[in-house]
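Shown next, in structure tokens, is the structure this report addresses.
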Amino acid sequence: MCGLRTAETVDAAVEAGADAVGFVFAPGSVRLIEAADAAALVARVPAGVETVGVFRGQPIDEVLRLAREAGVGTIQLHGDEPDDHFARAADAGFRTIRAISAARFTAAGHAGAQRLLIDATVPGSGTTFSPADLPVPPTVDWLLAGGLRPDNVAALIAAFGPSGVDVSSGVEAEPGVKDPALIRAFVAATRP
Ligand SMILES: O=C(O)c1ccccc1N[C@@H]1O[C@H](COP(=O)(O)O)[C@@H](O)[C@H]1O
């Protein structure tokens, strides 16, 4: 559950059973949150629920500084970052996720990160892609993102077979404003 900015929506995600909650530190995002504000939200998250910082095209020193200040456990990089950024994050004790668009994915395209997330071309835009856009699916566990919503996530899980899903705009009442009811509906729709 990505792009959370309030205690109410963090609590809704956790209570609904989300495995992970995400906070966006990518400049220009409508979901941007200050690290200090994210830290207050991270403090509400129980052990066992992963806390993720989302970044795009930022210097790795800035990424590490913000991730430490927020207290997240995982760093998700969306900007085609070089492998050494993932190595620096891992050396600093963070779990890592490399986000890459379906259009740019190749079997060798996820070197460096511990996990892979495949997204549409513009992250956070609510745009979907189809299995035809991913002709050679990953052979490792991967996360699916891109235009997921409560009403399409079950079908897209069945079509792609990812090990997890990530959503942002599909659980919002308006851009950047999460809706607790949509959060609950989304998590319920991902469960068998
Ligand atoms: O949500 C954002 O604003 C964002 C900004 C920069 C990088 C990633 C961002 N979000 C990620 O986008 C995908 C899917 O979003 P959506 O469900 O299609 O709106 C997801 O991985 C988010 O973590």
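First listed ligand is number 1; within each ligand, the first listed atom is number 1. Values in this document were obtained by computation on a predicted structure and should not be read as measured data.
Annotation: side chain to side chain contact (heavy atoms under 4.5 Å, CB included) contacts of Pro131 (sequence neighbours excluded): Ala159, Phe160. In this view, Ala90 and Gln114 satisfy the side chain to side chain contact (heavy atoms under 4.5 Å, CB included) rule, not counting sequence neighbours.
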Present, as a list of atom pairs with distances to 0.1 Å, all nitrogen or oxygen contacts under 3.5 Å between ligand 1 and the protein.
residue  : atom   : partner : partner atom : Å
ligand 1 : 1 (O)  : Arg31   : NH1          : 2.9
ligand 1 : 3 (O)  : Ser29   : OG           : 2.6
ligand 1 : 3 (O)  : Arg31   : NH1          : 2.8
ligand 1 : 12 (O) : Gly124  : N            : 2.8
ligand 1 : 15 (O) : Gly124  : N            : 3.2
ligand 1 : 17 (O) : Ser168  : N            : 2.9
ligand 1 : 18 (O) : Gly126  : N            : 3.1
ligand 1 : 18 (O) : Gly147  : N            : 2.9
ligand 1 : 19 (O) : Gly126  : N            : 3.4
ligand 1 : 19 (O) : Ser169  : N            : 2.9
ligand 1 : 19 (O) : Ser169  : OG           : 2.4
ligand 1 : 21 (O) : Asp166  : OD2          : 2.6
ligand 1 : 23 (O) : Gln76   : NE2          : 3.3
ligand 1 : 23 (O) : Asp166  : OD2          : 2.9

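Here the side chain of Glu81 pairs a donor or acceptor atom with the backbone of Gly57 at under 3.5 angstrom. Side-chain N or O atoms of Asp11 include none that pairs as donor or acceptor with a backbone N or O of Glu8 at under 3.5 Å.
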Return a table of donor-acceptor pairs under 3.5 angstrom between the side chains of residues 182-189 and protein atoms on other chains or two or more places apart.
none

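Under 3.5 Å, the side chains of Arg31 and Ser168 contain a donor-acceptor pair of N or O atoms.
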